[in-house]
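One structure is given here, and the rest of the page talks about it.
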Amino acid sequence: MALQRQFLKKALGEAKTKIGGYHFRHRPSLCCSFSTAPSSAAGAGADHEASLPLLPPFDYEPKPYSGPRGDEVFQKRKKFLGPSLFHYYQNPLNIVEGKMQYLFDENGRRYLDAFAGIVTVSCGHCHQEVLNAIMEQSKLLQHATTIYLHHAIADFAEALASKMPGNLKVVYFVNSGTEANELAMLMARLYSGSLDMISLRNAYHGGSSNTIGLTALNTWKYPIPQGEIHHVVNPDPYHGIFGSDAKSYVKDVQDHIDYGTSGKVAGFISETIQGVGGAVELAPGYLKLVYDIVRKAGGVCIADEVQTGFGRTGSHYWGFETQGVIPDIVTMAKGIGNGLPLGAVVTTPEIASVLAQKIQFNTFGGNPVCSAGGLAVLRVIDKEKRQVHCADVGSHLLGRLRDLQQRYEIIGDVRGRGLMVGIELVTDRKEKTPAKAETTVLFEKLRELGVLVGKGGLHGNVFRIKPPMCFTKDDADFLVDALDYSMSKL
């Protein structure tokens, strides 16, 4: 292990000039080749020598790029944009074009996008049917707001409501997931007459001054007043103190209500699979039990579907359906617009009525262009059977990753559903110690090979695999082969 640490320290130091210590040469439309002597792999994979993976063929030629180069863009960004912005990779990528599940940099090099613009591109980059809907509407009317009638917002709301179970039939359109969760929390507090909100530890629900209170990862939280928010023990089957025992986690929720509130609460909010927290799926049966006690305490139940919605989990259209529940309020964004700034809140007529006490208005919510694009997204997901596709490809991907886990001790956990997958890297499987340095090295190596993944978890040691839903089995094989190859070089 000491030798491995030495290697990692050296590799990280060299990354600034050679990215992980490997020289590479460009191979158009494929990937790069490494020139390095073989080295032993980590853990059980030590005797395995992976072959160099190549990107699957893709019949598309990116347009010649003549715009500003990456260095110029980066300098301008640092000068004129906020210092809180972060970027991936030692040398940030200048991405200039996208097509379906692939992205292209300023040199025309192709990358497999396994993170989908942070789980946002659902149908695929520049999907022609979605583009057509956006462009046709843009030619007629770009903006008018809801003070006038326009069919696009009504058509979109009708289509979205048809996807919801129970009496979830009233739709509010906003511009992002953060706005959606802000509005949901407002509804819960007005409807219940209480202030206390319950959220899970390890959750992410936004970065505004209110939703930052619901978020429970210190990486994203500023030291400001956060209101009446209670963070309960996370029902995490891998790290959680009760494993997969939902009843024990639910007892903690009841304790918070009994000892930390007046006995009445405004609501409970959770993701079904925590996204930013590292693709953590909740213990089976947890939400059904929690929803019951929250409703008994006068609160409403909110499902954050910003990342898990629209068939991404494969087994169901909505993440909450995997837990066998029907929420009182559902929030969504990201995949709903395939890249458009679009979010929504769907609730019951009874809960929606509380907002009629005053004027509730959003200037850009339900904008004609976004509505036309959002409706096209729903139609493409149905037409191309993306939910079934996610189940099929996701099962294949998870199977291959679990095979890889058997060979590399560094893979502590493989989890998720459909095309919402997490790979947690550890230095010690028993202690589940985060492999922070190793994750950084592997992250750079995957980029060199042409694979772009996300990172998550409090310690940044979870690879988030959440590609556009047109991602294929060949893409999955390439991703796993690239991971295999990279790990074999540790």
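Because the structure is predicted, anything quoted here is derived from the model rather than measured. Reckoned from all heavy atoms, side chains included, excluding hydrogens, waters and symmetry mates.
Val119 is listed as a side-chain neighbour of Arg312, based on a closest heavy-atom distance under 4.5 Å. Contact annotation: the side chain of Leu401 never approaches that of Phe463 to less than 4.5 Å [non-hydrogen atoms, C-beta and beyond]. Considering only heavy atoms from C-beta on, Leu55 comes within 4.5 Å of Phe478 through its side chain. Looking only at side-chain heavy atoms (C-beta outward), Val369 and His143 stay at 4.5 Å or farther from each other. Put simply, the side chain of Phe156 does not reach to within 4.5 Å of the side chain of Val171, judged on heavy atoms. Under the 4.5 Å side-chain criterion, counting only non-hydrogen atoms from C-beta, Tyr172 is not in contact with Asn362. With a 4.5 Å cut-off on side-chain heavy atoms, Ser488 and Tyr408 count as touching. No side-chain heavy atom of Ile273 sits less than 4.5 Å from a side-chain heavy atom of Gln307.
Note that the CG atom of Leu200 and the CG atom of Leu214 stand 10.5 Å from one another [nearest 0.5 Å]. In this structure, CD in Glu61 is found 10.0 Å from CZ in Arg110, a value given to the nearest 0.5 Å. Atom CD of Gln405 and atom CD1 of Ile423 lie 9.5 Å apart (nearest 0.5 Å). Atom CD of Gln137 and atom SG of Cys370 lie 10.5 Å apart (nearest 0.5 Å). Atom CG of Leu419 is separated from atom CG of Leu397 by 7.0 Å, given to the nearest 0.5 angstrom. Of the inter-residue distances, the one linking Leu452 atom CG with Gln101 atom CD reads 12.5 Å to the nearest 0.5 angstrom.
The neighbour count for Leu131 CG, taken as heavy atoms of other residues, nucleotides or ligands under 6.0 Å away, is above 12. In the displayed structure, Lys76 atom NZ is contacted under 6.0 Å by at most 12 heavy atoms of other residues, nucleotides or ligands. Residue-environment remark: CG (Asp71) stays at or below the threshold of 12 foreign heavy atoms within 6.0 Å. Counting heavy-atom neighbours within 6.0 Å of Arg201 CZ, excluding the residue itself, gives a total above 12.
Nearest heavy atoms, Asn94 versus Gly70: ND2-N, 3.5 Å. Nearest approach of Val393 to Ala476, heavy atoms of both residues: CG1-CB, 4.5 Å. Shortest non-hydrogen contact noted between Ala184 and Thr331 is CB-CG2, 3.6 Å. Closest approach of Ala246 to Gly285, counting heavy atoms only: CB-C, 4.1 Å. The two atoms that bring Pro468 and Gly124 nearest to each other are CB-CA, 4.1 Å, heavy atoms only. Taking all atoms of both residues into account, the shortest heavy-atom contact from Leu112 to Asp475 is CD2-O, 3.6 Å.
Under a cutoff of 6.0 Å and an axis angle of 45°, Lys99 and Phe104 do not form a cation-pi pair.
In terms of modelled atom types and a separation under 3.5 Å, the side chain of Tyr88 and the main chain of Asn91 share no donor-acceptor contact. Looking at Gln323, its side chain does come within 3.5 Å of a backbone N or O of Leu287 through a donor-acceptor pair. Looking only at distances, no side-chain donor or acceptor of Glu305 sits under 3.5 Å from a matching main-chain atom of Val330. Of the possible donor and acceptor atoms, none in the side chain of Ser395 sits under 3.5 Å from a partner among the backbone N and O of Ala391. Judged purely by atom type and a 3.5 angstrom limit, Arg464 has no side-chain atom pairing as donor or acceptor with the backbone of Ala279. The closest donor-acceptor contact from the side chain of Glu271 to the backbone of Tyr204 lies under 3.5 Å. Of the possible polar contacts, none joining the Asn202 side chain to the Gly457 backbone as a donor-acceptor pair under 3.5 Å is found. A distance-only check finds no donor-acceptor pair linking the side chain of Lys466 to the backbone of Ile118 [under 3.5 Å]. The main-chain N or O of Gly278 is found under 3.5 Å from a side-chain atom of Arg415 such that the two form a donor-acceptor pair. A donor-acceptor pair under 3.5 Å links the side-chain atoms of Tyr249 to the main chain of Phe242, judged by distance alone.
Remark: aromatic rings of Phe471 and His389 are distant, center separation not under 6.0 Å. Taking the six-membered ring for Trp and the full ring otherwise, the centers of Tyr89 and Phe443 sit less than 6.0 Å from each other.
For Arg379 and Glu129, the salt-bridge test fails: no basic side-chain N is under 4.0 Å from an acidic carboxylate O. The residues Lys432 and Glu424 are annotated as not salt-bridged, no charged nitrogen and carboxylate oxygen being separated by less than 4.0 angstrom. Contact check on Glu448 versus Lys445 returns no salt bridge, with no Lys/Arg side-chain nitrogen under 4.0 Å from an Asp/Glu carboxylate oxygen.
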> side-chain contact (heavy atoms from CB on, under 4.5 Å) between Phe310 and Met332: does it pass, once the steps are laid out?
Replying inline: CA-CA 9 Å; Phe310 304 97; Met332 57 196 78; 3.7 Å; yes

> Between Arg400 and His396, is a side-chain contact (heavy atoms from CB on, under 4.5 Å) present by the stated rule, with each step listed?
Replying inline: CA-CA 6 Å; Arg400 286 220 53 201; His396 175 77; 4.0 Å; yes

>> Between Lys163 and Asp382, is the salt bridge (charged side-chain N to carboxylate O under 4.0 Å, His left out) condition met? List the steps.
In response: CA-CA 11 Å; Lys163 298 292 186 184; Asp382 286 349; 2.5 Å; yes

> Hey, mind stepping through Glu136 and Lys139 against side-chain contact (heavy atoms from CB on, under 4.5 Å) and telling me if it holds?
Replying inline: CA-CA 5 Å; Glu136 289 305 311; Lys139 292 174 186 176; 3.2 Å; yes

>> Evaluate Cys390 against Thr313 for side-chain contact (heavy atoms from CB on, under 4.5 Å), listing each step before the verdict.
In response: CA-CA 7 Å; Cys390 285; Thr313 63; over 6 Å; no

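A donor-acceptor contact under 3.5 angstrom links the side chains of Tyr111 and Asp105, judged on distance only. Gln226 and His231 share no side-chain donor-acceptor pair at under 3.5 Å. Side-chain N/O atoms of Asn338 and His127 include no donor and acceptor closer than 3.5 Å. Counting only N and O atoms by type, the side chains of Gln274 and Asp236 include no donor and acceptor under 3.5 Å apart. Looking at Tyr60 and Glu97, their side chains do bring a donor and an acceptor atom within 3.5 Å of each other. Under 3.5 Å, the side chains of Asn461 and Thr439 contain no donor-acceptor pair of N or O atoms.
None of Thr272, Asn181, Thr211 except one satisfies the side chain to side chain donor-acceptor pair (under 3.5 Å) rule with Asp304; the exception is Asn181. Evaluated for a side-chain contact (heavy atoms from CB on, under 4.5 Å) with Arg407, the options Leu404, Ile410, Ile411 yield exactly one hit, Leu404.
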